[in-house]
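Just below is one structure, and these are the notes that go with it.
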Amino acid sequence: MKFSHVATCIAAAATTVNAFVPATSYRSTRSQLMSTATDASAYADVDRYVSDHPNNNIPPHIAALVGRGLHTKEDHPIGIVRAKIQDYFNSLDEEYKIFDAEDPIVTCKQCFDDLRIEPDHPGRSPSDTYYIDDETLLRTHTSAHQSMHLKDGYERFLCAGDVYRRDEIDASHYPAFHQLEGVKLFDKDAVSGADGLTKEEWLASPECKMIADDLKNVLEGLMDHLFGPVEKKWSEDFFPFTEPSMECEILYEGEWLEVLGCGVIHTEVLEMAGREDRRGWAFGLGLERLAMILFKIPDIRLFWTDDKRFHKQFKAGTITEFKPYSKYPPCFKDIAFWLPEDFVENDFFELARGIAGDLVEKMELTDEFTNPKTGRTSKCYRITYRSMDRSLTDDEINALQMELREQVGTLGVEVR
């Protein structure tokens, strides 16, 4: 899981989850949706994610990304980083189970409830999350599998996979990305001194400090394994599923970079997983984030390209700096509209991506004002269209922009 992403959601303005309406009919039942496989490509089936359920909000362009399994491709930057992390954990004295082909469809209980994410958390909103129906969704973090593995008796494991979230549009954000999570439980004898402690006593106990220190030691070793010996610093953070929670930054090429979030697993999370007699730690990181730093890849869309000029630059086990093979000119278009009271920016971004796909490089707010007489608010966005592998024509961009102007009215806005 990318812990920092959840923290960002917590800090965001609260959004109430839309009430779900029971469906009378839709193509897939929950029993058909949930499955297991040994290869991520087994989940590449658009019809599995797009249905006529009234609360299904997964567009075909998102469904088409599922099952690509970039984290398992040995010559892909995402796969290379993931393999280096796995190699590091394989070098430790303790064995970690590897999970890398789990079903991206999870339940709300797995993704939210089991991790103490409250019902009114903004991250549960359909404007942030892709729902299959009222009880299942495309996982928003790999931690959605944590409680299941704990219940199954696993004590040390890594879980890597693709995750999905509606988000802003720029060079570092994409609705599909990859995370890797690690979990370790400690032997009962090592933490028996914490038995029967209150929450406050536990957080102040030497056992809790021992787990946090072990976590820092393991992750500092991981950072040196990935980046070479680097300076690190730790700061307190907040996540619903860990307590205490921490964030790690590294000094890399003269710049402090946030690389992961982590913490001691919250006792309530362990209780819900039936492991209330144990204590442990968990961490999560974004594979794209690390790959963009290590390979110096400037645009997150490149990870999903089929262009051979991208893929031929990389080979398993090797970190090489990406060499841009082209820089096609951008095309800028502005759109301005009056907002309704319930306007959600992510819905607008998702609409644009559904129309223009990866031709949308960036969408940024350039102007906002409120009419003092009417109290109505207007926003203007500049859209940067740019292909990574060809020059765009005025006609095709004008057609896309016109379609966006026509469809944006479905969000209740009034185009200016």
Side-chain angles (χ1 to χ4, degrees), residues 1-10 17 20 30 33-37 40 42-43 48-49 55-58 62-63 65-67 69 71-72 82 97-119 121-126 128-154 157-167 175-183 239-242 245 260-263 265-266 268-275 280-288:
M1 127 190 48
K2 189 175 186 301
F3 278 57
S4 57
H5 184 86
V6 178
T8 300
C9 291
I10 294 171
V17 179
F20 285 118
R30 286 190 61 210
L33 288 171
M34 311 301 287
S35 69
T36 58
Y43 304 116
R48 191 167 182 260
Y49 312 104
N55 293 311
N56 184 294
N57 65 346
I58 303 176
I62 296 297
L65 298 174
V66 185
H71 63 291
T72 63
R82 180 258 190 191
K97 173 69 175 178
I98 308 298
F99 296 99
D100 61 10
E102 295 169 298
D103 196 334
I105 296 178
V106 297
T107 65
C108 292
K109 183 177 186 299
Q110 289 175 297
C111 199
F112 302 124
D113 299 337
D114 288 345
L115 298 171
R116 302 183 67 253
I117 298 176
E118 297 294 335
H121 190 285
R124 298 176 73 142
S125 166
D128 275 33
T129 295
Y130 293 109
Y131 283 93
I132 306 290
D133 55 40
D134 52 355
E135 294 185 27
T136 57
L137 60 141
L138 286 176
R139 61 188 170 213
T140 62
H141 46 200
T142 49
S143 294
H145 304 287
Q146 176 180 298
S147 291
M148 175 182 67
H149 295 322
L150 290 173
K151 289 176 182 177
D152 288 343
Y154 293 101
F157 56 87
L158 302 178
C159 176
D162 44 336
V163 299
Y164 300 84
R165 182 173 290 276
R166 291 181 171 219
D167 213 334
F177 52 104
H178 297 78
Q179 294 181 344
L180 184 142
E181 153 153 329
V183 169
F239 312 111
F241 26 79
T242 54
S245 302
L260 57 85
C262 60
I265 302 175
H266 200 289
E268 291 182 11
V269 171
L270 291 168
E271 289 170 2
M272 287 187 285
R275 308 302 292 271
W281 52 246
F283 74 89
L285 50 80
L287 293 175
E288 274 86 349

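Along the sequence shown, residues carry numbers from 1. Computed from heavy atoms alone, side chains included, the values below leave out hydrogens, waters and symmetry copies.
- Here the side chain of His71 pairs a donor or acceptor atom with the backbone of Asp100 at under 3.5 angstrom.
- Within the 4.5 Å cutoff, no side-chain heavy atoms of Leu287 are placed close to those of Gln179.
- A 4.5 Å side-chain heavy-atom check between Asp114 and Glu268 finds every atom pair outside the cut-off.
- Between Ser147 and Gln110, the closest side-chain pair of non-hydrogen atoms is not below 4.5 Å.
- Scanning both residues, Thr142 and Gly161, for their nearest heavy atoms gives CG2-N, 3.7 Å.
- Closest non-hydrogen pair, Glu288 versus Ala176, comes out as OE2-O, 4.3 Å.
- Atoms SG and CD1, on Cys111 and Ile117 in that order, are 6.5 Å from each other to the nearest 0.5 Å.
- By the 4.5 Å heavy-atom criterion applied to side chains, Arg165 and Pro175 are not counted as neighbours.
- Taking NZ from Lys109 and CE from Met148, the interatomic distance works out to 11.5 Å, rounded to the nearest 0.5 Å.
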For this session: Begin from the C-alpha positions of Leu180 and Phe283 and carry the test side-chain contact (heavy atoms from CB on, under 4.5 Å) through to its verdict.
Result: CA-CA 8 Å; Leu180 184 142; Phe283 74 89; 3.9 Å; yes

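- Two residues are said to be in side-chain contact when any heavy atoms from C-beta on lie closer than 4.5 Å; Glu118 and Arg124 fail this criterion.
- Counting all heavy atoms, side chain and backbone alike, Leu260 lies closest to Cys262 at CD1-SG, 4.2 Å.
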For this session: Please lay out, stage by stage, how Leu158 and Glu181 fare under the test side-chain contact (heavy atoms from CB on, under 4.5 Å).
Result: CA-CA 6 Å; Leu158 302 178; Glu181 153 153 329; over 6 Å; no

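- Looking at heavy atoms from C-beta onward, Ile58 lies in side-chain contact with Ile132 at the 4.5 angstrom threshold.
- The distance from atom CG of Asp113 to atom SG of Cys108, rounded to the nearest 0.5 Å, is 7.0 Å.
- Heavy-atom minimum distance, Pro240 versus Leu115: CB-O, 3.6 Å.
- Put simply, the side chain of Tyr130 never gets that close to the backbone of Asn56: no donor and acceptor are under 3.5 Å apart.
- If you check the side chains of Asp162 and Tyr164, you find a donor sitting under 3.5 Å from an acceptor.
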For this session: Test side-chain contact (heavy atoms from CB on, under 4.5 Å) on Val106 and His145 and set out the steps.
Result: CA-CA 8 Å; Val106 297; His145 304 287; 3.7 Å; yes

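- Side-chain atoms of Ile265 and Gln146, non-hydrogen and from C-beta on, do get closer than 4.5 Å to each other.
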Exercise. Where do Tyr131 and Thr136 land on the side-chain contact (heavy atoms from CB on, under 4.5 Å) test, with the steps shown first?
Worked result: CA-CA 6 Å; Tyr131 283 93; Thr136 57; over 6 Å; no

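- Between Asp152 and Lys97, none of the side-chain N atoms (NZ, or NE/NH1/NH2) sits under 4.0 Å from a carboxylate O, so this pair counts as no salt bridge.
- Side-chain contact check for Thr129 versus Thr140: some heavy-atom pair is nearer than 4.5 Å.
- Contact record, Tyr49 with Leu138: CD2-CD2, 3.8 Å, taken as the closest heavy-atom pair.
- Remark: aromatic rings of His266 and Phe241 are distant, center separation not under 6.0 Å.
- Formation of a donor-acceptor pair under 3.5 Å by the Asn55 side chain with backbone atoms of Asp134 is not found in this model.
- Taking both residues in full, the closest heavy atoms of Ala101 and Ala40 are given as CB-N, 3.8 Å, listed atom of the first, atom of the second, then distance.
- The aromatic rings of Phe157 and Phe99 sit perpendicular to each other, their planes meeting at more than 60°, with 30° as the lower class boundary.
- In this structure, Arg275 contributes its side chain and Leu150 its backbone to a donor-acceptor pair below 3.5 Å.
- Using a 4.0 Å cut-off between a side-chain N of Lys or Arg and a carboxylate O of Asp or Glu, Arg166 and Asp128 do not qualify as a salt bridge.
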